Participant: 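Let me give you the structure first, and then I'll get to my questions.
Lettering of chains follows the sequences in order, A, B, ..., and the numbering in each one begins at 1. All values below come from the heavy atoms of this structure, side chains included, with hydrogens, waters and symmetry mates left out. Note that the structure is predicted; figures quoted are calculated from it, not measured.
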Number of protein chains: 2
Amino acid sequence: MNAEFGELDERKKKILHAIVNAHIRVGGPVGSKYLAQHQHITLSSATIRNEMAELEALGYLEQPHASAGRIPSERGYRFYVNSLMEKYRLTSAELRQLNNLMKSKIEELDKLLEAATKLVSSLTNYTSLTVKPPQHEVVITHIRLLYLDTQTFLLVLVTSTDIVKTKYVRSPMVVTDEMLRTLEIELNAYLTGIPVERITLPVIMELTSRLSEYEQLVSSIIRYIYDAVGEIDSGDLHVEGINLLLQYPEYSDVERFKELLKMLERKEDILNIISERDADSTQVIIGGESRVEVMHNSSLIFRKIRRGGRVVGAIGVLGPCRMDYSRVIATVEHLADCISKRAAGIIPGLSTAPDDEAYIKPPED
Amino acid sequence: MNAEFGELDERKKKILHAIVNAHIRVGGPVGSKYLAQHQHITLSSATIRNEMAELEALGYLEQPHASAGRIPSERGYRFYVNSLMEKYRLTSAELRQLNNLMKSKIEELDKLLEAATKLVSSLTNYTSLTVKPPQHEVVITHIRLLYLDTQTFLLVLVTSTDIVKTKYVRSPMVVTDEMLRTLEIELNAYLTGIPVERITLPVIMELTSRLSEYEQLVSSIIRYIYDAVGEIDSGDLHVEGINLLLQYPEYSDVERFKELLKMLERKEDILNIISERDADSTQVIIGGESRVEVMHNSSLIFRKIRRGGRVVGAIGVLGPCRMDYSRVIATVEHLADCISKRAAGIIPGLSTAPDDEAYIKPPED
DNA sequence: TTTAGCACTCGTGCGCTTTAAGTGCTAACA
DNA sequence: TGTTAGCACTTAAAGCGCACGAGTGCTAAA
C-alpha cells in the first residue's frame, strides 16, 4: 500500500501495461493467472492479484463483476496512452500502402481525404472518418438585427443553404431601434451575397470606417457573424467502415449501437468534438472524455489537417475504448502529416493561396 | 382447390391482402384467428386456414415454422405491390413538409438531394438514399490502345480521379499496330483534358471526319469510351438513416446487418441495381429480385431523377421486405417528381442548359 | 514481501419443463 | 358442396435450476 496518490511504482506500471496490452488484444477481462503465465512477468498470480486490487482502488482498473478479471478504466487507458504505450512503427507494407495513396494523382483535397478514410479503415480495422472542407461556399443572404432592449439585440443570419442562425448580442453601447435599422442596411449591403470566405480585412475596414460612429458595435457584430459562420461552415463529416465496429463485442448491444449510428449520422457531435480541440497534435479522446453520452464506450483519435495556417480538414478513427491506440495514432499521424504537406501545394475550393492571411481571424477571447 | 394456376379468386386476394397489410403493420407471422377477429373478413378461422394453406401451396405465403402463422413470400409481396395495394394519399402534414423542402432556396441539385434524403428518412422511418451526380468532373487524362491481334485491341482509359478502366474491343475491321498508334494520338488530342460531359457531338464529328478512313473503328471506340465513362461516372451514393433499420427485428442478426452495412458502404451493388433499371417509373425491388445476396431480406424502392432527358440522380428507400410499400412509393414518387421538375430549371455542375441535346448518346446497340 | 491454498462469488451454458400460438384434420352442419 | 366447430398435434419462446469454471480475496506459510 505504498503507492503514492497519482504516481505508480514501476511494478504497477508494468502490470497495468500488460493488462491494457492483453485486453486490447483479447477483448475480455484479464485475470491474474493469465498474466502470470502469458506475459513475461515473473510474479505469482497472488502478487499480481494484490497489485491489481490496488490498481483498482487507484482507479486504473475496474471489474465488470466480482468473479471476472479486470479491464482498464478510462483513467487506465489515459495513463496507458500518455505514459506507457510504446510507439508503433508502421510496417513496410503499411508504409507502402500509405505512400501509394500519396503518390496517386488525386488533385482535390476532399477526394484525397475520402480515399484516405478508406485506407485508414482497412489498415486499422476501425471506423474512420474525415472532415472535409465545405464543398459549397456559404453565402449570407440576409442579416437582421432585432431590437430587444437598450442593451441587447438579436442577430439573425440566413444563408444560401437555408440555414438560419440566431445569436443574442449584448451590446457594448446603448442601442436604439433606428441605429439597428441603419446598421442592418449597411451590413446587408457589404456582407451579403459574397462567399463568407471572401469577407476579408479590406471589406471589414471599409465597413467599419463607413460606420465609424458605431465602431464598437460593428466589431462585436462582425465577431458574432464570424462565430455563427464558423458553426455553419464547419465542414462535412464523412464516415467510412461503420460495419467494422460490429466485429467488436463492445457493439453487440443493438440499442447502444443504434444510438451511436444515429450520432454519427447527425454529425454534429463529432464535428463539435473535433472543432473544439487543439489543431496541432494528434488528439485522443477516450470514452466519456468527449462528454457525449453514446461515446462512452468508444474512443476517437484524430488529427487536423492544416494548410497555410488554416485548418482545412481532419482525419480520424473511431473504435472501442479497447483500441490499438499505438497503431492507430501512428497511422493517423503519418497520413495527416503527408496530407498536410501535400495540401500546402493544393488549391482547395476557390480561394487562392495569396489570400490566405487576409481572412478574418476570430478575436481571441 | 379451384384456384387456377396464376390467378387468384377474389376471396384469396382479399385474404392475401389482409395478411400482407397485417404483417406490414405488426411484423410477426399472422394467423387465421387474428384475421378472423381483427380484419373485416366475415369468415371463420377454419375457412381462412384452408385458404391460407392453398395460398401457401401457390407460393404466395410461407410459414417460418409449423406452428407459426403465415408471412408473405417474395411472390406474395410482388403480387401485393402489383395488384392489391391501394394507393397511399400523402397526409397534409406530409405534403407540407415535402413542399417546404421544395420551396427552400437550395440551389444545388446535390444539396437538395441530400436534404431530400433526410426528409424521406424521417417521413418513412426507413433508410433512404440518393444518387448524386458526380461532384467533380471526370476528365480523361490518357487513352491507350493496345494491339492484341488483327481483330481485337485493348482500350485503356485513365481519368483525373486516377481510375483506370480497360475494355476489350472487338474491332469491326482489321487493325494494325500502326493504325492504333495513329488513332491513339488523335484520340488523345481530341478527348483528353476536357470534362467528359463536354465531349459533345461537334467534337465527335470533327474527330470522325479527321479520321474518316477509320470511321467504323472510331465510332466503336467512342462507344466504348462512353460506356467506360458511364461506369466511372455513375454518381455518388449517399445513404441516410441507417440507424432506422435497427428498429426492425429483421435486422437483429448482427452478422447479417454487418454484411448489409458493408454492401451499402461499398456502394457498388446499389449503384448497379439502380443504373441497370428503367428510368421512367418508380422501381420496386423486393428481396432476392435484386440478385444481391445481402438484400434478400430487404426491399429497395427508388425513382430516377431526370433533367432534359438525362438522368442526373435518383432517390430511394431501403427497408425490410415488410415495408410500407404504399406509403414509401407515394413519398418517393412525389419527391422525385418535384425534384425533376425543379431540376429542369437548375444548372447542375458546369454544363448549361442549351447544351443538353449535344451530349453524346450511347449508341442503341 | 511473496506465494500457495482455499473458500467464495457470480456469470454462462445447458437441459428441462411449461406455455401459448397456430396449424391440419375430421366430422358435423347449412 | 362449401363452411365451421372442435380437437390433437407441433414447435418456438420463455422460465427455471443446476453444474461449471474463471477469478477473486483472504489467510497462513515460506
Side-chain angles (χ1 to χ4, degrees), chain A residues 1-3 8-12 14-16 18-19 22-23 25-58 60-73 76 249-250 252-254, chain B residues 1-4 8-16 18-20 22-23 25-58 60-73 76 249-250 252-253:
Chain A
M1 193 150 307
N2 64 347
L8 297 181
D9 60 47
E10 281 311 311
R11 198 168 72 176
K12 280 200 180 53
K14 193 166 182 179
I15 289 175
L16 180 55
I19 290 175
H23 182 64
R25 275 216 330 281
V26 180
V30 354
S32 56
K33 218 168 199 169
Y34 177 87
L35 281 184
Q37 286 171 354
H38 293 259
Q39 313 300 118
H40 43 86
I41 290 182
T42 58
L43 294 168
S44 75
S45 66
T47 311
I48 297 177
R49 271 202 294 286
N50 288 331
E51 293 285 41
M52 282 164 79
E54 288 183 34
L55 280 166
E56 181 172 1
L58 292 167
Y60 293 94
L61 294 178
E62 46 198 42
Q63 221 173 356
H65 59 259
S67 76
R70 304 300 208 297
I71 58 173
S73 67
E250 280 86 341
S252 56
D253 177 343
V254 181
Chain B
M1 194 156 303
N2 65 347
E4 207 53 55
L8 297 181
D9 60 46
E10 281 310 311
R11 199 168 72 177
K12 280 201 180 51
K13 283 187 191 169
K14 193 167 181 178
I15 289 175
L16 180 55
I19 290 175
V20 179
H23 181 64
R25 276 214 331 280
V26 181
V30 355
S32 55
K33 220 168 197 169
Y34 178 89
L35 282 185
Q37 288 172 352
H38 294 258
Q39 314 301 116
H40 44 85
I41 290 181
T42 59
L43 294 169
S44 75
S45 67
T47 311
I48 297 176
R49 270 203 292 285
N50 288 330
E51 293 285 41
M52 281 164 78
E54 287 183 34
L55 280 166
E56 180 172 2
L58 292 166
Y60 292 95
L61 294 178
E62 45 197 43
Q63 221 172 356
H65 56 86
S67 78
R70 303 301 209 295
I71 58 173
S73 65
E250 281 86 340
S252 56
D253 177 343

Participant: Looking at every strand, decide which applies to S45(A) at a 4.0 Å heavy-atom threshold: base, sugar-phosphate, or nothing.
Facilitator: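 Since no nucleic acid heavy atom lies under 4.0 Å of S45(A), the category is nothing.
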
Participant: To the nearest angstrom, how far is Q37(B) atom CD from dT4(D) atom P?
Facilitator: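 For the pair Q37(B) CD and dT4(D) P, the rounded distance is 15 Å.
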
Participant: Give A68(A) one of three labels, base, sugar-phosphate or nothing, depending on what nucleic acid heavy atoms sit under 4.0 Å from its own.
Facilitator: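 Contact class for A68(A): sugar-phosphate only.
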
Participant: Any carboxylate oxygen within less than 4.0 angstrom of a Lys/Arg side-chain nitrogen, looking at R70(A) and E62(A)?
Facilitator: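 Result for this pair is no, no salt bridge flagged.
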
Participant: Tell me: NZ of K33(A) to P of dC6(C), nearest whole Å?
Facilitator: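 That distance rounds to 13 Å.
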
Participant: Does the dG6(D) base have a donor-acceptor partner in the side chain of R49(B) within less than 3.5 Å?
Facilitator: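 Such a pair is found, so the answer is yes.
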
Participant: Provide, to the nearest angstrom, the distance between the CD1 atom belonging to I48(B) and the P atom belonging to dG6(D).
Facilitator: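 About 16 Å, once rounded to whole Å.
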
Participant: Does A46(B) reach a base, just sugar-phosphate, or nothing at all? Heavy atoms under 4.0 Å.
Facilitator: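 The answer is base, as A46(B) lies within the cut-off (heavy atoms under 4.0 Å) of a base atom.
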
Participant: Considering only dT10(D), dA5(D), dT23(C), which nucleotide approaches the side chain of S67(B) most closely?
Facilitator: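 Output: dT10(D).
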
Participant: Tell me if a side-chain donor or acceptor on H23(B) pairs with a main-chain N or O of G28(B) at a distance below 3.5 Å.
Facilitator: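 Checked: pair present.
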
Participant: Side-chain contact test, heavy atoms from C-beta onward, threshold under 4.5 Å: evaluate it for L61(A) versus I71(A) and give yes or no.
Facilitator: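 L61(A) vs I71(A): side chains apart.
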
Participant: Taking the basic N atoms (NZ, or NE/NH1/NH2) and the acidic carboxylate oxygens, is any pair closer than 4.0 Å for K12(A) and E54(A)?
Facilitator: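 Looking at E54(A) together with K12(A), the answer is yes, because their closest N to O distance falls below 4.0 Å.
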
Participant: If you only use heavy atoms from C-beta on, which nucleotide in dT2(C), dG25(D), dT3(D) is closest to the side chain of A53(A)?
Facilitator: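 The answer is dG25(D).
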
Participant: What is the distance from CD of E51(B) to P of dT3(D), rounded to the nearest Å?
Facilitator: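 For the pair E51(B) CD and dT3(D) P, the rounded distance is 7 Å.
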
Participant: dT11(D), dA4(C), dA5(D): which one has an atom nearest the side-chain heavy atoms of S44(B)?
Facilitator: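 Of the options given, the side chain of S44(B) lies nearest dA5(D).
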
